[in-house]
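What you see is a predicted model, and the numbers here were worked out from it, not measured in a lab.
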Amino acid sequence: MLGLAAQQLRADMNRLLALLFHQGVLDEQFLQLQQLQDESSPNFVSEVVNIYFHESEKLLRNLRAYLMDSEFGDYKKIGMHLNQMMGSSSSVGAKRVRNVCVAFRAASDQNNRAGCLRALELLEHEYCYLKNKLHEFFQIEQQRVLAAGVRYPVQHNN
């Protein structure tokens, strides 16, 4: 049986997930990822999400560098980076990030530099929000696992 603290932390996790689903930040793909996690891979979701964060930050840096270069005109390169970001965002259930990528892609297809810059700002904002909320989620999950694992020694009175 889970301790009271572990139950409270589980409720906190569920509330945070419900908020992120309600806000459209996450979609059902995140739940499917969670279903792949088990005793043999207890950190599966956080590991997958951390790989996503690492790769996304490289993509965001490249997108910013391209758009800050006044000589840049290769919008196909932006489109390729956005396709990568859309795919990886879809695979972890990052719905709002993926949706912003779609709008960003539309601006890049039109070679619309101003639209791309606005979309980049929004993408960075949505990405940071997602990252902060998922870090919060994983911290609560770690606390819950620790709380659930606490066992108090049974005292025997002879």
Side-chain angles (χ1 to χ4, degrees), residues 1-68 77-108 115-154:
M1 183 167 91
L2 288 178
L4 206 53
Q7 288 176 344
Q8 181 60 48
L9 291 164
R10 164 84 59 203
D12 291 346
M13 286 172 58
N14 290 337
R15 270 193 296 278
L16 180 55
L17 272 184
L19 172 70
L20 295 176
F21 276 89
H22 178 73
Q23 292 175 335
V25 173
L26 293 176
D27 64 23
E28 61 282 344
Q29 182 61 35
F30 187 80
L31 296 177
Q32 290 177 7
L33 265 184
Q34 285 186 305
Q35 291 173 351
L36 297 174
Q37 184 166 294
D38 59 18
E39 291 81 29
S40 66
S41 56
N43 300 317
F44 177 76
V45 177
S46 65
E47 289 168 2
V48 168
V49 168
N50 281 324
I51 291 167
Y52 165 75
F53 288 152
H54 180 74
E55 293 302 314
S56 294
E57 284 169 19
K58 283 195 290 190
L59 291 169
L60 286 168
R61 275 194 307 274
N62 289 341
L63 288 167
R64 179 158 288 288
Y66 294 150
L67 288 170
M68 292 299 116
K77 203 176 265 191
I78 288 178
M80 288 174 16
H81 278 65
L82 288 169
N83 285 344
Q84 278 184 276
M85 187 114 183
M86 282 188 287
S88 59
S89 295
S90 291
S91 71
V92 298
K95 183 179 179 181
R96 273 193 351 205
V97 169
R98 186 196 153 285
N99 290 346
V100 173
C101 286
V102 171
F104 194 157
R105 179 68 201 259
S108 76
C116 284
L117 286 167
R118 283 192 302 275
L120 177 62
E121 292 296 323
L122 185 56
L123 180 58
E124 289 172 334
H125 172 79
E126 288 297 338
Y127 172 78
C128 284
Y129 184 76
L130 171 74
K131 186 175 181 181
N132 289 336
K133 290 300 180 185
L134 286 181
H135 275 308
E136 181 182 340
F137 176 80
F138 293 129
Q139 284 176 332
I140 296 169
E141 184 176 45
Q142 278 184 323
Q143 292 169 0
R144 182 194 59 77
V145 167
L146 289 172
V150 171
R151 299 287 181 256
Y152 296 100
V154 176

For the student: nearest non-hydrogen atoms of A94 and L130, plus distance
CB-CD2, 3.5 Å
Apply the test side-chain contact (heavy atoms from CB on, under 4.5 Å) to residues M85 and F104: give CA-CA distance (whole Å), side-chain angles for both, the deciding distance (0.1 Å), then the verdict.
CA-CA 11 Å; M85 187 114 183; F104 194 157; over 6 Å; no
K133 bridged to E136 by N-O distance under 4.0 Å
yes
Taking S41 for the side chain and Q37 for the main chain, is one N or O donor matched with an acceptor at less than 3.5 Å?
no
Run the side-chain contact (heavy atoms from CB on, under 4.5 Å) check on M80 and L59 step by step: do they pass?
CA-CA 10 Å; M80 288 174 16; L59 291 169; over 6 Å; no
Heavy-atom distance under 4.5 Å between the side chains of M68 and L117, does that happen here?
yes
To the nearest 0.5 Å, tell me how far Y66 OH sits from H81 NE2.
3.5 Å
How about I140 and Q8: do any of their side-chain heavy atoms sit closer than 4.5 Å?
no
Kindly determine whether Q34 and L17 satisfy side-chain contact (heavy atoms from CB on, under 4.5 Å), including the steps that lead there.
CA-CA 12 Å; Q34 285 186 305; L17 272 184; 3.8 Å; yes
Hey, does S108 have a side-chain heavy atom less than 4.5 Å from the side chain of L82?
yes
Distance-minimising heavy-atom pair for E28 and F21
N-CE2, 3.7 Å
Heavy-atom pair with the smallest gap, counting every atom of L33 and V45:
O-CG2, 3.6 Å
Going by an N to O cut-off under 4.0 Å, is there a salt bridge joining E121 and R64?
yes
Would you compute the distance between atom CZ of R61 and atom CD of E57 and round it to the nearest 0.5 angstrom?
6.5 Å
Heavy-atom closest pair (D38 atom, S40 atom, distance to 0.1 Å) is OD1-OG, 2.6 Å
Roughly how far apart are S46 OG and F53 CZ, rounded to 0.5 Å?
10.0 Å
To the nearest 0.5 Å, what is the distance between NE2 on H125 and CG on L120?
13.0 Å
Just how far is it from atom NZ of K95 to atom CD of Q23, taken to the nearest 0.5 Å?
12.0 Å
Exactly one of S90, S88, S89, S56 should register a side chain to side chain contact (heavy atoms under 4.5 Å, CB included) with V97. Which one does?
S89
Rounded to the nearest 0.5 Å, what separates atom CZ in F138 from atom CD in E47?
10.0 Å
Give me the ring orientation class for F30 and F137: parallel if the planes are under 30° apart, tilted from 30 to 60°, perpendicular past 60°.
perpendicular
Checking V92 against L134 for the side-chain contact (heavy atoms from CB on, under 4.5 Å) test, could you report, in this order, the C-alpha distance in whole Å, the side-chain angles of both residues, the deciding distance, and whether it holds?
CA-CA 11 Å; V92 298; L134 286 181; over 6 Å; no
Salt bridge (charged side-chain N to carboxylate O under 4.0 Å, His left out) partners for E126, two or more places apart
R96
Here the pair of heavy atoms bringing G115 nearest to A107 is C-CB, 3.8 Å
